[in-house]
Amino acid sequence: MTNADIARVMREIAVFLDMDGVPFKPRAYEKVAYAIEAVDEPIAGIYQRGGIKAVEEIPGVGKSIAEKIVTLIDTGKLPYYEELRKKTPVDVAGLTAIEGLGPKNIKTLYQEIGVRTVADLEKAALAGKIRELPHFGEKSEQKILKGIGFLKQRSGRFPLGAVLALMSEIEARLVKVPGVHRVAIAGSIRRRKETVGDGDILVIARKPEAVMDYFVAMPEVVHVHGKGHTKSSVKLNTGMDVDLRVVPAASWGAALNYFTGSKDHNVALRRLAIEKKLKLNEYGVFRGDKAVAGKTEEEVYGVLGLPYIPPELREMTGEIEAAQAGTLPDLIGYDDVRGDLQTQTTWTDGANSIEEMAAEAQRLGREYIAITDHTKSLAMMGADEKQLRQQMKAIDKLNKGLQGFTILKGAEVNINKDGSLDIDDETLAELDVVGVAVHSHLNLPRAEQTRRVIRAMENPNADIFFHPTARVLQKREPIDLDIDAVIAAAKRTRTVLEIDAYPERLDLKDEHVRKAVDAGVKLAIDTDAHSVHHLSYLHFGIATARRGWATRADVVNALPLRGFLRSLKGGRR
DNA sequence: GCCGTTTTCGGCCCGACTGTTTTCAGTCG
């Protein structure tokens, strides 16, 4: 019984209860489903270790739901859930995935014409049976068929790196629509979540209709979900849905706050407003009928008694409490990183030379760059000790011709299966920056994998642990590491943990960054660039650092060159 | 069903759009 299994049962119970119009309980189960998905370790393990009391520690889980979770873990079944299923035996997950179908409609479809699966639904729609039902009509029938079509080609969530460019382009085009005063991207994209489900755009416009007309007719639009005076929603050819809202200038801040989310953060703000006898919605903060804030986000937070909370922190992971206590972190800024510490060149699998990479990094405003080509045990033929020495000489020569910029000698050294490194210590000691990384034996059991990387970090030459979990978003699972043990070892050995900014990696991820920051472990933010184009990806890594509450002081390559070199493990430079 | 600087009861965020409907329920975010 995995966490995902438990979460699925909780979510289905919520839907079943919604079908019967049960008040409030469904929200409780829904909340628990989200909470369980957010827990890093298996709930079964938590239960084994700490009993039912430990399960009740999960936010939103009380006595009753804890008992149900424990029953699920112990027996693999839950009578309460089985009863609900027996009453309405339908494929909840499949049917709710269809746009516009909710609990009430699913119940009607089952009771009136016996729809249990998406296949049943499609058959009924094609036979024209759905339009006959109460509260359904011809349009609902068409909408359902279209929804099934979209479901079949659904791609789920999108990596931020895959959508940010297009969204920025749409933003730029909207700015040029006549009568448009202001445009902003909101939602999870503004919070810089590593993957996003949809896009949210906010606009101030003199003639809202003109913006809406333009928006729904954009060349990328394949379907219009809805078009109104203030809100429209479309599906793009990439499969992603995008919402557009037009708001009055006086409500800009409140709307931006509302549509940036997260949902939980917004709910918490509304509760705060209620406590202060105020009402918060997307139009502003109101005392009775009188607007007391709304024009800027700062104003909205201000009347709630809070300092401005940066979007990357709005995930309901303690930011409200920190804001109230005045202990919000002074997050690292998007211009604060001075050097790039992981880059590959034509010496191994990169597309550009050392000179080209250095020139582009300098053009982007960096003060230094570490060249970290792969090492010998990698299948693609990485550098051996002799080649590394040749490269060091080449870099020395290049540095003589540079002003205000330094190329550092480095390597991305493979960690062998036993935790030893594939380059000898003598050579490593000659390098300025040694990154170590896992590229093989990705499937070792947790204890062995953890021992392996900790042994690598214990090497006095290992400055930085590159992309620690080796995950590739939506392609490769992270290696099985006891991340708390790795962070503790990083602290003990003074090894820097990397945030790999490459949008498919973002490794460490935000949650792990937060743990590292809390533990006082230093971070490096690097692009892992394999061509000059990748050098500009740094901001994705900085966003991840910000989402992990990192300040400038937590990041070694926010330091000027001398300070950065001094911050690495002592004794050899 | 959960939760508590409203704490063991009484609350639980709020509004736009759609479709089917003559005033609103359902869904979504």
Side-chain angles (χ1 to χ4, degrees), chain A residues 10 13-15 17-19 21-35 56-69 80 95-109 130-144 146-147 186-188 196-202 208 212 216 224-234 241-247 251 254-255 257-286 304-305 316 320-321 324-325:
Chain A
M10 294 297 131
I13 290 173
V15 175
L17 294 172
D18 262 331
M19 285 179 189
V22 177
F24 303 115
K25 275 198 208 183
R27 300 293 77 73
Y29 280 98
E30 214 168 57
K31 214 175 143 194
V32 167
Y34 278 112
E56 275 186 59
E57 294 295 307
I58 299 164
V61 176
K63 197 162 179 296
S64 171
I65 291 185
E67 279 169 11
K68 292 188 174 73
I69 291 173
Y80 177 70
L95 291 170
T96 51
I98 295 165
E99 168 87 31
L101 266 198
K104 295 286 169 60
N105 286 338
I106 290 172
K107 186 183 181 186
T108 304
L109 287 164
I130 288 173
R131 67 183 73 181
E132 318 275 317
L133 299 175
H135 282 278
F136 285 84
E138 207 169 324
K139 279 194 174 169
S140 336
E141 194 170 85
Q142 289 310 312
K143 202 176 158 192
I144 282 170
K146 210 153 188 179
S188 50
V196 300
D198 62 8
D200 297 280
I201 303 177
L202 215 59
M212 292 305 183
V216 301
V224 180
H225 295 299
K227 181 183 177 221
H229 293 294
T230 66
K231 178 187 171 179
S232 292
S233 178
V234 301
D241 289 338
V242 181
D243 290 352
L244 179 78
R245 293 273 191 151
V246 178
V247 302
S251 301
N257 180 252
Y258 179 82
F259 293 112
T260 296
S262 65
K263 188 178 157 141
D264 288 343
H265 179 88
N266 289 348
V267 169
L269 291 184
R270 289 226 179 82
R271 287 213 185 99
L272 268 182
I274 291 168
E275 277 175 27
K276 294 183 183 298
K277 310 279 186 223
L278 299 169
K279 184 177 78 167
L280 169 63
N281 59 29
E282 63 257 57
Y283 297 108
V285 187
F286 299 87
L304 299 178
M316 210 49 195
I320 306 270
E321 294 81 353
Q324 284 172 324

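Proximity of A:N281 to the phosphate of B:dG15: a side-chain N or O atom is located under 4.0 Å from OP1 or OP2. Checking the phosphate oxygens (OP1, OP2) of B:dC14, no side-chain nitrogen or oxygen of A:N266 falls inside 4.0 Å. Phosphate proximity of B:dC13 to A:R271: present, with a side-chain N or O under 4.0 Å from OP1 or OP2. Distances shown here put every side-chain N or O of A:S140 at or beyond 4.0 Å from the OP1 or OP2 atom of B:dT18. A close approach under 4.0 Å does occur between a side-chain nitrogen or oxygen of A:K25 and OP1 or OP2 of B:dG1. At B:dG19, none of the side-chain N or O atoms of A:K104 fall inside 4.0 Å of OP1 or OP2 (strictly under the cut-off).
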- Item | Derivation and outcome, side chain to side chain donor-acceptor pair (under 3.5 Å), residues A:K68 and A:S64 | CA-CA 7 Å; A:K68 292 188 174 73; A:S64 171; 3.0 Å; yes

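With P as the reference atom, B:dC9 and B:dC17 are 43 Å apart, rounded to whole Å. B:dG1 and B:dT7 are spaced 24 Å apart, taking the P atom of each and rounding to whole Å. Rounded to the nearest Å, the gap between the C1' atom of B:dC3 and that of B:dG19 is 38 Å. For the C1' atoms, the distance from B:dG26 to B:dT21 is 13 Å, rounded to whole Å. Between B:dC2 and B:dT6, the distance separating the two P atoms is 22 Å to the nearest Å. Comparing B:dT23 with B:dT18, their C1' atoms sit 15 Å apart, to the nearest whole Å. On the P atoms, B:dG4 is 14 Å away from B:dC13, given to the nearest whole Å.
Regarding A:E30, its CD atom lies at a distance of 14 Å from the C1' atom of B:dC2, rounded to whole Å. Computed from coordinates, the A:K227 NZ to B:dG19 P distance equals 14 Å when rounded to whole Å.
Across all strands shown, nothing is found opposite B:dT8 as a Watson-Crick or G-U wobble partner with both distances under 3.5 Å.
In this pair, A:F24 does not lay its aromatic ring on the base of B:dC2; centres under 5.5 Å and planes under 30 degrees do not both hold.
In summary, A:R271 and A:E275 do not engage in a salt bridge, as defined by a charged side-chain N under 4.0 Å from a carboxylate O.
Residues A:Y283 and A:K68 both approach DNA chain B. Their nearest nucleotides, taken by heavy-atom distance, put A:K68 toward the 5′ side. Residues A:E99 and A:R245 both approach DNA chain B. Their nearest nucleotides, taken by heavy-atom distance, put A:R245 toward the 5′ side.
The heavy-atom pair separating A:A14 from A:E30 by the smallest distance is CB-N, 4.0 Å. Here the closest non-hydrogen pair linking A:L17 and A:P26 is CB-CG, 3.8 Å.
You'll find a donor-acceptor pair under 3.5 Å spanning the side chain of A:Y258 and the base of B:dG29, going by distance alone.
Comparing atom distances between the A:K263 side chain and each of B:dG29, B:dA16, B:dC2 picks out B:dG29 as nearest.
Proximity of a side-chain donor or acceptor of A:N281 to a complementary backbone N or O of A:G284 within less than 3.5 Å is detected.
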